[in-house]
Amino acid sequence: MPTSGNINGPAKVGNHDDEDSSKTTVTAQTIDELHSLQKKRSAPSTPKGAQPNSAFGLSDDERTKQRLESISASLASLTRESGPKVVKGDPASRRVGHVPHHRPAAAPTIAVSDSALKFTHVLYNLSPAELYEQAIKYEKGSFITSTGALATLSGAKTGRCPRDKRVVKDELTENELWWGKGSPNIEMDEHSFMVNRERAVDYLNSLDKVFVNDQFLNWDPENQIKVRIVSARAYHSLFMHNMCIRPTPEELENFGTPDFTIYNAGLFPCNRYTHYMTSSTSIDLNLARKEMVILGTQYAGEMKKGLFSVMHYLMPKRQILSLHSGCNMGKSGDVALFFGLSGTGKTTLSTDHNRYLIGDDEHCWSESGVSNIEGGCYAKCIDLSGENEPDIWNAIKFGTVLENVVFDEHFRVVDYADKSVTENTRAAYPIEYIPNVKLPCVGPHPKNVILLACDAFGVLPPVSKLSLSQTMYHFISGYTALVAGTEEGIKEPQATFSACFGAAFIMLHPTKYAAMLAEKMENHGATGWLVNTGWSGGSYGSGSRIKLSYTRKIIDAIHSGSLLNAEYKKTQIFGLEIPMGVEGVPSEILDPENTWPDKQAFKETLLKLAGLFKNNFETFTNYQIGENNNLTEEILAAGPIINEA
Ligand SMILES: Nc1ncnc2c1ncn2[C@@H]1O[C@H](COP(=O)(O)OP(=O)(O)O)[C@@H](O)[C@H]1O
Ligand SMILES: C=C(OP(=O)(O)O)C(=O)O
Ligand SMILES: [Ca+2]
Ligand SMILES: [Mn+2]
């Protein structure tokens, strides 16, 4: 420990026992005074030049005033008085940033409700330490774990609620977005949105304090989006602090008006009498207003995935492909994308000690390459171990939000095997907690596109090399076995098809994204791979999950290029090219048929899965993918072929 640490400020504590006693006693006269010495004022956030005011000619006071006005406008009721009176700082602290409660210069002329008379305190872009204190003081179920993470509970909802997502259908979105069968966009009208918005805003304004985060999305500076998150819990604020890109103090000073705002009133339910509401939970997206409202769920993942939906709308408009994928880069600059539904391994496999992490979940692919949308990772932590996943394990430290985990009550050691609260336990940490992160989180065009499927049937090979049309077929199919927990109500793995490996988040028709992916892969010569991170030796229940160490070896061989030049054979029905050998992986598991004791059962299960693929793809047979029909026909032919014989 350095001895220079001097928490008492000017009241120096001596280093030597024989020192004069006047130097070892504090100069403070009272306990309050002593405590007031503990906290130094933060240094000015932006180094100022000779000019006391910035280039824009705003003083600090003016800037603070503008920011409060902007937040007040964000929180304004649209049916009554204008914005609430917002004040900076914690209502519990008399010292920090508490402006005097002066009377308004003129009495408001429009109808004033009691809510207009109270102040809403705004806790603006607090630091992780400040958010820890808020959470521990005021939010039941918040604790510091033995490694310094903030453990917290998300309440009754421990996963996303896709059935409760609503999107405003107006003249514009009616034609632009994907609606109807298979689409995640369940409609609501503008009026019902406003009813929910008002409910959320009123709830937030009824509180003594709200948290406001102003942050960025997308590491590509030309396509960055400014987001504001208004929430009621320190947990939500810290989660978004970790998950979005954190502005520098300088960027924060010049933040201005956000491009998109989330009102997270998740502690408060929606009103079931409101049109379009089918439960007490509602996650509502209004693209015209650039707003999202959350009622009746505190699961923090709704915020990050809600913003992802917004990016799935905004980016394709700029000819940029938004991707539900992890992404990393080798030492030689080779980039790989990892597509897959929840629980298939995007986070686990993109976090690779031998490669640079670009991001674990949400990316953009533009003319200039790939960029991460987020500033953090959101890892599943069920059965997490330091041996299997050292980088994620070590990222669970001070600043990290640990959702719904169980820990020892005295030592606060987390038991990652405990599913008492949920199977979907999670850790949200800033991306720089991973040691070999690529900062800024951007990279060149991908070389490998890896489609991850966690096949609970156990019939897909651990790895196959795909043609472009096969890649597109499997991308549009988006097959996996949904692993328990990330969505409400799923208790055991179950076959799922989710277009573009993220149907819950896409906003346009899947063929739009597919056509863009095909074009980009072709232009940049990327190779497609299908990797089964699921079962082997039988279906879920009789077989077992493919060892993570084997999957890692397979991924290593893809990255190194050695698998591209391996010897291959073609499987029946799915027509997949499977390698004869992969270094470090027992060859007999590469053909799943070998691992099944009952060959007849294997064949039947394979046919069953092929049938499910065919059924699912029927919806897409009427759509053209891309400019010419050749691609569409090739893709249709790239699926499983079931012979009647
Ligand atoms: N062979 C495997 N490949 C990848 N992940 C595996 C494998 N076996 C078990 N797992 C576990 O499956 C989970 C994958 O989850 P995660 O990487 O968070 O998925 P995603 O980011 O796609 O939602 C992790 O808990 C990981 O430890
Ligand atoms: C947060 C999520 O992401 P994933 O499970 O893909 O990591 C989710 O799907 O809710
Ligand atoms: Ca993940
Ligand atoms: Mn994800």
Side-chain angles (χ1 to χ4, degrees), residues 154 157-162 165 184 239 242-243 283 297 299-309 323-328 337-352 357 359-363 373-374 376-393 395 401 403-404 416-417 419 422-429 450-456 458 460 462-463 478 480-488 490 493 496 498 501-505 531-536 540 543-555 585 589:
S154 70
K157 296 288 158 68
T158 58
R160 280 181 299 103
C161 301
K165 185 175 162 189
F239 177 88
N242 291 351
M243 294 307 299
I283 302 104
T297 172
Y299 181 65
E302 296 286 5
M303 292 185 283
K304 87 161 209 116
K305 281 293 171 32
L307 290 173
F308 191 34
S309 299
L323 318 158
H324 185 210
S325 76
C327 181
N328 66 19
L337 296 177
F338 300 81
F339 284 100
L341 289 171
S342 186
T344 55
K346 294 181 299 299
T347 301
T348 305
L349 299 171
S350 57
T351 309
D352 181 331
L357 178 66
D360 80 321
D361 198 57
E362 307 177 5
H363 291 84
I373 291 174
E374 302 180 290
C377 302
Y378 194 29
K380 276 182 174 292
C381 28
I382 200 69
D383 295 326
L384 186 73
S385 72
E387 299 81 71
N388 283 339
E389 292 165 75
D391 286 344
I392 296 176
W393 179 268
V401 177
E403 282 177 323
N404 301 318
Y416 289 104
K419 303 175 183 172
T422 176
E423 165 135 16
N424 188 32
T425 54
R426 294 271 183 164
Y429 46 86
I450 302 169
L451 310 182
L452 304 171
C454 176
D455 175 28
L460 290 183
V463 59
T480 198
L482 201 61
V483 172
T486 305
E487 288 183 9
E488 283 292 306
I490 310 288
T496 316
S498 177
F501 290 103
F505 324 116
V531 171
N532 174 13
T533 62
W535 271 253
S536 174
Y540 173 78
S544 55
R545 195 157 178 191
I546 294 165
K547 281 202 180 97
L548 179 56
S549 56
Y550 292 160
T551 303
R552 285 207 190 277
K553 289 285 179 203
I554 288 167
I555 301 288
V585 182
I589 75 160

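Worth saying up front: this structure is predicted, and the values here are computed from it rather than measured. Counting starts at 1 for both ligands and their atoms, following the listed order.
No donor-acceptor pair closer than 3.5 Å links the side chain of Lys165 to the backbone N or O of Arg160. Remark: the backbone N or O of Thr351 is not paired with any side-chain donor or acceptor of Asp360 at under 3.5 angstrom. Within the 3.5 Å criterion, the main-chain N or O of Cys454 finds a donor-acceptor partner in the side chain of Thr480. Judged by distance alone, the side chain of Thr425 and the main-chain N or O of Ile382 form a donor-acceptor pair under 3.5 Å. Of the possible polar contacts, none joining the Lys380 side chain to the Asn424 backbone as a donor-acceptor pair under 3.5 Å is found.
Checking only distances, Tyr378 never comes within under 3.5 Å of ligand 1, N or O to N or O. The N/O atoms of Arg545, backbone and side chain alike, include one that comes under 3.5 Å of an N/O atom in ligand 1. For the pair Lys305 and ligand 2, the shortest N or O to N or O distance falls below 3.5 Å. By the 3.5 Å distance cut-off applied to N or O atoms, Ala379 is not counted among the residues near ligand 1. Backbone and side-chain nitrogen or oxygen atoms of Lys346 are examined, and one is located within less than 3.5 angstrom of a nitrogen or oxygen of ligand 1. The distance criterion of under 3.5 Å between nitrogen or oxygen atoms is not met by Gly340 with respect to ligand 1. Considering backbone and side-chain atoms alike, Lys380 places every N or O at 3.5 Å or more from each N or O of ligand 2. In terms of polar-atom proximity, Leu349 is not counted as a contact of ligand 1, lacking any N or O under 3.5 Å from an N or O of the ligand. Looking at ligand 2, you'll find an N or O of Ser342 within less than 3.5 Å of one of its N or O atoms.
Relative ring orientation between Tyr540 and Trp535 is described as perpendicular, the plane-to-plane angle rising above 60° on a 0-90° scale split at 30° and 60°.
For Glu302, the heavy-atom gap to ligand 2 stays at 4.0 angstrom or more.
Near Leu341, meaning under 4.0 Å from any of its heavy atoms, are these atoms of ligand 1: 22 (O). Close approach of ligand 1 to Thr348 is summarised as follows: ligand atoms under 4.0 Å from at least one heavy atom of the residue are 14 (C), 15 (O), 16 (P), 17 (O), 24 (C), 26 (C). Interface of Lys304 with ligand 2, defined as ligand atoms under 4.0 Å from a residue heavy atom, comprises 1 (C). Of all atoms in ligand 1, listed by their number and element, those nearer than 4.0 Å to a heavy atom of Lys547 are 1 (N). Residue Ile546 has at least one heavy-atom neighbour below 4.0 Å for each of these atoms of ligand 1: 1 (N), 2 (C), 8 (N). Using a 4.0 Å cut-off to heavy atoms of Arg160, the atoms of ligand 2 that qualify are 8 (C), 9 (O), 10 (O). Residue-ligand proximity, His324 to ligand 2, at heavy-atom distances under 4.0 Å covers atoms 6 (O). Close approach of ligand 2 to Lys346 is summarised as follows: ligand atoms under 4.0 Å from at least one heavy atom of the residue are 6 (O). Taking every heavy atom of Lys380 and a limit of under 4.0 angstrom, the matching atoms of ligand 1 come to 15 (O), 18 (O).
Contacts of Glu389 with ligand 1, taken as heavy-atom pairs under 4.0 Å, involve the side chain alone. Contacts between Thr551 and ligand 1, counted as non-hydrogen atom pairs separated by less than 4.0 Å, involve the side chain only. At a heavy-atom distance under 4.0 Å, only side-chain atoms of Asp361, from C-beta outward, approach ligand 2.
Side-chain N/O atoms of Tyr378 and Glu362 include no donor and acceptor closer than 3.5 Å.
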Item to check | Chi angles and distances behind the side-chain contact (heavy atoms from CB on, under 4.5 Å) call for Lys346, Leu452 | outcome: CA-CA 8 Å; Lys346 294 181 299 299; Leu452 304 171; 4.3 Å; yes
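Screening Phe501, Phe338, Phe308 against His324 for a ring-ring contact (aromatic ring centres under 6.0 Å, His included) leaves a single residue, Phe308.
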